[in-house]
**Student:** 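Dropping the structure in here first, questions after.
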Amino acid sequence: MNRLDKRKLISAFLHFFISSLPLFPLSLSFTQIASSNSDVQFVDVTESAGIDFVHVDGRSGQKYFMETLGSGAVFFDYDNDGDPDLYLVNGAPLPGYQGAEIPINHLYENNGDGKFTDVTERAGVGDTGYGHGCAAGDYDNDGDLDLYVTNYGANRLYRNNNDGTFTDVTRAAGVEETRWSTSCAFADYDRDGDLDLYVVNYIEFSIEENPWCGLREKDIRAYCEPNNFSGLPDTLYRNNGDGTFTDVTKEAGVYNPNGKGLGVVWGDYDNDGDLDIYVANDSAENFFYQNRGDGTFEEVGFMLGVAVSENGVPENGMGTAFGDFDNDGWLDLTVTNYANQTNTLYHNDQDGFFTDATASTKTGYITYPYLGWGTEFIDYDNDGDRDIFVANGHLHDNLVELGQEGTYGQRNLLFQNNNDNSFTEVSNQLGPAMRLKDVSRGAAFADYDLDGDIDILVTNSNSTPRLLRNDGGNKNNWLAIQLVSIKASSDAIGARAMVYAGELLQMREIRSGSGYLSQNELKLLFGLGNRTVVDKIEIRWPNGDVQKLKQVHVNQLIIVRDE
């Protein structure tokens, strides 16, 4: 029996053992004994910050499937003033919808005083399509961040004019993609100095042929399962360097019509200097595309052990993120799944394979009753290791009528890293805002108030989002790093920073879209605990150049250029 077969056998046993445990009593007991950094509290400041956005899914009782997905958000500094602004994606009216106003996407400019101003109309980014995801990146290398938005229907690419406005250049750039798209992400996969674009596509669905699902005998309608529909291939656009893109999906080796994609993340999992792709699929095998370094990819998800559940069954993958949770310099991976499946945490074994660490890290059974969407590795308490946030909310608003367990609104989860390859779920101890039950979907992360700790924006389906300000995370020391490139895309997407402080090693990559339908700010924030000096910073730029800095003081933002 080879190593991979042994690993699968052990993993299958662990999965069977954990799944046979009494889930709910264990979850309750574990939460009761949890300990956390009690100095940290998350405060809902949405209203006081001036964010008056309301997501509209266009529902009318006809149970159109796009109503279930919600939408995402992106933190990006569109005006280059040093603080992250916020873009929120909206839905649109569907047949039978009774609302009076037409919902649009919104751009909020960060005022620098903890508040935001709605600048949508002036900026020209108020798309009225049925939107889902978004990502930002400087695709034309002119020094400011552009914006891509995915829809049920034609997507949108907005070029930043560097004067507070954007221009819709979708057709001219060749990235319209009219199929149902969800998540998206920019990255320079071929290392030619400009950003390419990966667009995740979902299923074939027609409003005119909306199938009836639910309990016929009781005339109770429900949203259909994704298995009722055919999947769609994703799209990879290569940047031509002249403001246009070329669809290279097939020649690059990422064409797969069996996908039903919802989440995507780029990351260099094998430390070979180029970016790989992971796609979370809904009721289909997840895809892992290994970058061959010659402009093509190889799908290796099943071989790496990250395509299906431990018992070999495709799950309902929603969101996904890369992050080095054990600070060994290698990217680990997490995927959120449907209720009664548990989320999955994969450990990078540094040999080209992953091990399912869901059970051993104690993150599995707590997520079992929840339906997870947005997720990310964050250091909420600045202690130097990565914690895990998960946004939750059910699909069905009529669970009781359907005879199903659970609740439509669910609280979100935050797993504190215990620094021993295990986690403790501590959201109940982090303030009233973390105990609220919402129908959450996307999540984006940024230090929006520039106080040295990570804040959270959570989107909620058919409702208002929540901006959760981190109060107390900056009681531990920190270092923020902004990378600016003149040799590649100015935003340095794909660059990697290694920070050494005493015995602590941390690694972060600058990436575009992540989690679910969303994107975090591009600045990197490192928690340092009580350490007062960073001994060394090693930056690997997207073109492979390596730059080093030594003896850097903490509690500051440093801007590094690849000059």
Side-chain angles (χ1 to χ4, degrees), residues 23-24 26-28 30-31 34 36 42 44 46 55 57 67-73 132-133 182-183 223 226 262-263 280 282-283 315-321 334-345 358 361-378 380 387-400 402 404-416 423-445 456-468 514-518:
L23 297 168
F24 296 101
L26 273 175
S27 177
L28 177 61
F30 194 75
T31 301
S36 73
F42 284 93
D44 184 353
T46 314
H55 177 257
D57 64 13
E67 298 169 17
T68 65
L69 297 191
S71 65
H132 290 298
T182 54
S183 291
Y223 295 110
L262 289 177
D282 190 3
S283 75
E315 294 187 304
N316 299 91
M318 306 295 186
T320 183
T334 187
V335 186
T336 57
N337 291 308
Y338 201 80
N340 302 330
Q341 291 180 348
T342 80
N343 299 338
T344 309
L345 179 59
T358 309
T361 55
K362 302 178 182 178
T363 58
Y365 54 79
I366 294 176
T367 67
Y368 186 84
Y370 295 93
L371 202 167
W373 300 86
T375 188
E376 191 57 79
F377 293 92
I378 63 171
Y380 82 94
D387 314 297
I388 302 174
F389 179 87
V390 183
N392 297 309
H394 211 283
L395 200 77
H396 299 291
D397 58 350
N398 54 349
L399 282 167
V400 175
L402 294 171
Q404 298 184 21
E405 295 182 351
T407 58
Y408 187 41
Q410 299 178 348
R411 70 179 178 91
N412 300 322
L413 303 175
L414 207 163
F415 291 91
Q416 182 185 34
F423 292 80
T424 298
E425 205 292 298
V426 296
S427 60
N428 274 329
Q429 303 175 35
L430 300 178
M434 290 291 288
R435 295 192 288 269
L436 297 172
K437 293 184 177 181
D438 292 318
V439 187
S440 297
R441 294 294 187 259
F445 304 83
I456 306 173
L457 186 286
V458 182
T459 68
N460 294 314
S461 184
N462 217 42
S463 185
T464 58
R466 293 195 188 278
L467 178 60
L468 304 177
S514 183
Y516 176 73
L517 307 178
S518 301

**Student:** Would you please name every residue forming a side-chain contact (heavy atoms from CB on, under 4.5 Å) with Thr336, sequence neighbours left out?
**Tutor:**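 So Thr336 forms a side-chain contact (heavy atoms from CB on, under 4.5 Å) with Met318, Asn343, Thr375, Val390.
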**Student:** Please give me the minimum heavy-atom distance between Ala339 and Pro369, naming the atom from each residue.
**Tutor:**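 So the two residues come closest at CB-O, 3.9 Å.
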**Student:** Report yes if the side chains of Arg411 and Asn428 come closer than 4.5 Å at any heavy-atom pair, otherwise no.
**Tutor:**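 Counting from C-beta outward, Arg411 and Asn428 do come under 4.5 Å.
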**Student:** Should Thr459 and His55 be marked as a side-chain contact (heavy atoms from CB on, under 4.5 Å) after you check the CA-CA gap, both sets of side-chain angles, and the distance that decides it?
**Tutor:** CA-CA 8 Å; Thr459 68; His55 177 257; over 6 Å; no
**Student:** So Asp438 and Val458, side-chain contact (heavy atoms from CB on, under 4.5 Å) or not? Walk me through it.
**Tutor:** CA-CA 10 Å; Asp438 292 318; Val458 182; over 6 Å; no
**Student:** State which residues pass side-chain hydrogen bond (donor to acceptor under 3.5 Å, both in side chains) with Thr363; sequence neighbours excluded, sorted by chain then number.
**Tutor:** Thr361
**Student:** Kindly give the heavy-atom pair with the smallest separation between Gly442 and Ala391, and that separation in Å.
**Tutor:**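 Distance-wise, the nearest heavy atoms are O-CB, 4.4 Å.
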**Student:** Using a 3.5 Å distance criterion without hydrogens, assess whether the side chain of Glu425 forms a donor-acceptor pair with backbone atoms of Leu414.
**Tutor:** yes
**Student:** Salt bridge (Lys or Arg N to Asp or Glu O under 4.0 Å) with Asp44: which residues, sequence neighbours excluded?
**Tutor:** Arg466
**Student:** One pair to check against side-chain contact (heavy atoms from CB on, under 4.5 Å): Asn460 and Val439. What are the steps and the verdict?
**Tutor:** CA-CA 5 Å; Asn460 294 314; Val439 187; 5.6 Å; no
**Student:** As an exercise, state the distance from CH2 of Trp373 to OG of Ser518, rounded to the nearest 0.5 Å.
**Tutor:** 12.0 Å
**Student:** Determine whether a donor-acceptor pair (N or O, by modelled atom type, separation under 3.5 Å) exists between the side chain of Gln341 and the backbone of Tyr338.
**Tutor:**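 At least one qualifying donor-acceptor pair exists.
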**Student:** Distance-only, no hydrogens or angles: does the Arg441 side chain make a donor-acceptor pair with backbone N or O of Gly393 under 3.5 Å?
**Tutor:**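 At least one qualifying donor-acceptor pair exists.
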**Student:** Side chains of Tyr516 and Leu69: closer than 4.5 Å at any heavy-atom pair?
**Tutor:**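 Yes, close enough: below the 4.5 Å cut-off.
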**Student:** I'd like to check Phe415 versus Leu345 (side-chain heavy atoms, cut-off strictly below 4.5 Å). Are they in contact?
**Tutor:** no
**Student:** Is any side-chain heavy atom of Asn412 closer than 4.5 Å to one of Asn392?
**Tutor:**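 In short, these two side chains touch, coming nearer than 4.5 Å.
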**Student:** Could you walk me through whether Asn462 and Glu67 pass side-chain contact (heavy atoms from CB on, under 4.5 Å), step by step?
**Tutor:** CA-CA 9 Å; Asn462 217 42; Glu67 298 169 17; over 6 Å; no
**Student:** Within this structure, what is the OH-CG distance for the pair Tyr408 and Asn398, rounded to the nearest 0.5 Å?
**Tutor:** 9.0 Å
**Student:** Spell out, as yes or no, whether a donor-acceptor pair under 3.5 Å connects the side chain of Ser183 to the backbone of Leu517.
**Tutor:** yes
**Student:** State which residues pass ring pair (Phe, Tyr, Trp, His ring centres under 6.0 Å) with Phe445; sequence neighbours excluded, sorted by chain then number.
**Tutor:**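 Only Phe389 meet the ring pair (Phe, Tyr, Trp, His ring centres under 6.0 Å) criterion with Phe445.
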**Student:** Could I get the full list of side-chain contact (heavy atoms from CB on, under 4.5 Å) partners for Thr68, not counting sequence neighbours?
**Tutor:** Phe65, Tyr223, Leu395
**Student:** Any chance you could measure Asn316, atom CG, to Asp282, atom CG, to the nearest 0.5 Å?
**Tutor:**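 Those atoms lie 4.5 Å apart.
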**Student:** Could you tell me which residues satisfy salt bridge (Lys or Arg N to Asp or Glu O under 4.0 Å) with Asp387, sequence neighbours excluded, listed by chain and number?
**Tutor:** none
**Student:** Testing Thr407, Leu413, Asn337 for side-chain contact (heavy atoms from CB on, under 4.5 Å) with Tyr370, which one passes?
**Tutor:**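 The single option meeting the side-chain contact (heavy atoms from CB on, under 4.5 Å) with Tyr370 is Leu413.
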**Student:** Got a donor-acceptor contact below 3.5 angstrom from the Thr334 side chain to the Thr320 backbone?
**Tutor:** no
**Student:** What distance separates Ile366 CD1 from Thr342 OG1, expressed to the nearest 0.5 Å?
**Tutor:** 11.5 Å
**Student:** How many angstroms lie between OG in Ser463 and CG in Asp57, if you round to the nearest 0.5 Å?
**Tutor:**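 CG of Asp57 is found 10.5 Å from OG of Ser463.
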**Student:** Just verifying a value: how many Å separate Glu405 CD and His394 NE2, rounded to the nearest 0.5 Å?
**Tutor:** 10.0 Å
